[in-house]
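Written out below as structure tokens is the structure these notes cover.
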2 protein chains.
Amino acid sequence: MDMIRSDVGSGVMDAVNDDVTAVEQFIPVRSPVARLGSAPAVNRWPGVHAFQVTVYQRLGTPAGRQPPYAYSRAAGKLYTDMLVAVPFRFSYTAVGDPRRLEIRAQPVYLDAQHVQNPVRRCPHHQDAALMSNVQSQHVRHVLQTQHARFRYDENGDRCSVVVPLEPLQPATDHYEVLYEFTCMNTCVGGMNRRRILALFTLEECETGQVLGRQTIEVKVCKCPHRDLKADEKRLGLGRIGDKPDRKRRLTSSPPASCEQRLVVEVDDEEMFRAVTEVRDSMRRYRRRVNPQHGQAPPPGRQ
Amino acid sequence: MDMIRSDVGSGVMDAVNDDVTAVEQFIPVRSPVARLGSAPAVNRWPGVHAFQVTVYQRLGTPAGRQPPYAYSRAAGKLYTDMLVAVPFRFSYTAVGDPRRLEIRAQPVYLDAQHVQNPVRRCPHHQDAALMSNVQSQHVRHVLQTQHARFRYDENGDRCSVVVPLEPLQPATDHYEVLYEFTCMNTCVGGMNRRRILALFTLEECETGQVLGRQTIEVKVCKCPHRDLKADEKRLGLGRIGDKPDRKRRLTSSPPASCEQRLVVEVDDEEMFRAVTEVRDSMRRYRRRVNPQHGQAPPPGRQ
DNA sequence: CAGGCATGCCTG
DNA sequence: CAGGCATGCCTG
Ligand SMILES: [Zn+2]
Ligand SMILES: [Zn+2]
């Protein structure tokens, strides 16, 4: 018999903090790696080109069935199943030659204590993608695009994907790009139930200078419509800017209730969009910087 | 800009059947790998040495708190959290010099349609174990031991761990070995909610001949006591040896009730395996291409 | 697709 | 540790 002797046993062998990725687990707090993974700015900022983004909500599909994603305009939050092509629509003004600009998209953790960690794909879905003989180029990317032209970036572990701006199609006021998410928010060893933002930056190709920045919270889950409704319910008739009163955990943007509200009158759709965008942006920002206003730190429910 | 052109997009890129491991997913039905993963016998058989196994249930711990595992003798089912050292107790008679025998332990899928797949550790916990600088020897093993002497085997992907028999301690009638499980039954990309058995074989060191065989069903979960109670409740006042009769899903393996079923007669074990492989493969294929086909074997609750 | 369960994990 | 929620997924 060729046994191994051991007085220690293997008890301690892999006690792991399941709050985080196996990788994150072993990055010393102030190591160079941690520095690499510094947090990108996420404040919304239309900039001189009035850069905006929203999710296009397809009305009923042919078969009358709901699309596998749902968007809450009030909360600025997308709910989608994974591997679903979701149409994002960008708007911008006065860009001159659009070809000098591009849009970078990347997932970012929403909560302050995770925002400095790059959003990594979970080991299971990486494996699955690798096995499925497809190009292994994007395997590590949680946020991918189905756009015709694209470029995947991996700055350290901070993955992003870039698409070029194009001249708008005639008679359109937006530029549509399909993105899909390749992990669930719940993926163990990946996002691990942490909330994320999709961060979009309008950048100058040559210099990389950021000319505008927008975000949309994303929840990648199996029942987008259920979860959207659940969030709305949870938020009850929450007052504007009020904190969600979850008994457990969770954030989400409180939709406005209709009585006793301060309102801003707008003139048309476009204006409505712009205004709500700003409002929602502010709401989110507040929730982020003000602990009172929402979530607590680590994982938790979303 | 260094964009890539693609008319295809990445939509199909990693559509994956989440029913199974990424690895299992891409094993051609009749590949050598699939053959390697043939199913071990699991029928209980005390043999000439009256080989038996049970789980020792420690009474209340010092602090009066429950141990992180629970054992249902009636169901022959262990409920345990992962990474918990569970005391298994073996009994046997008339072995002569015990040093000529050893006990092999391995996890095996309980359900017929998975039994031929080796139980693999999930990618997340493999990663976690690798990162935690510990010996990488056991990283792939779901079933590990804390016994002083041990030997890890990887026959293809069929992992097992062997401990030598020893002379019984004076005044004892059992041989206690601590085992621990390093993945949850729910681990995605691993057991993936499939039920497992811990299979113990009493073997002759020299020849490898099996002299006895016992099994205990194991559920590795976060709330062993809750889940044990839930099973008992589900079973009503369950008969001995009965397994949980869930209203939802769970076992599958239709016991040979040959009434009104189309059956394919086969001649032997090997043929049985080959045929079920093909059938299951077809079921999976149909579910993939035809969402209607919700039914069929795979995971299920336990 | 709605209803509902199983189960990891968060809250007291 | 008990209570209970969130969420993937199974059943009609
Ligand atoms: Zn994933
Ligand atoms: Zn695992």
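Each chain gets a letter, A, B and so on, in the order the sequences are listed, and its residues count up from 1.
- With respect to the salt-bridge test (charged N to carboxylate O, under 4.0 angstrom), the residues R140(A) and D157(A) qualify.
- Atom CE in M82(B) sits roughly 15 Å away from atom C1' in dT7(C) (whole-Å rounding).
- Atom CZ in R194(A) sits roughly 15 Å away from atom P in dT7(D) (whole-Å rounding).
- Atom CG in D231(A) sits roughly 13 Å away from atom C1' in dC5(D) (whole-Å rounding).
- Applying the 4.0 Å criterion to OP1 and OP2 of dG8(C), one finds that T186(B) has a side-chain N or O inside that range.
- Atom pair K229(A):NZ and dC5(D):P shows a separation of 20 Å (rounding to whole Å applied).
- For the pair L228(A) CG and dT7(D) C1', the interatomic distance rounds to 15 Å; values are reported in whole Å.
- For dC10(D), the OP1/OP2 oxygens have a side-chain nitrogen or oxygen of R193(B) closer than 4.0 Å.
- For the pair L110(B)/E217(B), a side-chain contact is recorded, criterion being any heavy-atom separation below 4.5 Å from C-beta on.
- Using cut-offs of 30° and 60° on the angle between ring planes, the pair F88(A) and Y179(A) is perpendicular.
- Side-chain nitrogen and oxygen atoms of R234(A) include at least one within less than 4.0 Å of the OP1 or OP2 phosphate oxygen of dA6(D).
- Distance H225(A) NE2 to dT7(D) P: 16 Å, rounded to the nearest Å.
- One cannot find a donor-acceptor pair under 3.5 Å joining the base of dG3(D) and the side-chain atoms of R226(B).
- Of the candidate nucleotides dG8(D), dC1(D), dG8(C), dG8(D) has the atom lying nearest to any side-chain atom of K222(A).
- Looking at R194(B) and D111(B), no side-chain N of the basic residue comes within less than 4.0 Å of a carboxylate O on the acidic one, giving no salt bridge.
- Rounded to an integer number of Å, the gap from D227(B) CG to dA2(D) P is 13 Å.
- Between Y79(B) atom OH and dT7(C) atom P there is a gap of 10 Å when expressed in whole angstrom units.
- Side-chain N/O atoms of K219(B) include one lying less than 4.0 angstrom from OP1 or OP2 on dT7(C).
- Salt-bridge formation is not detected for the pair D231(B)/K219(B): no Lys NZ or Arg NE/NH1/NH2 atom is positioned less than 4.0 Å from an Asp or Glu carboxylate oxygen.
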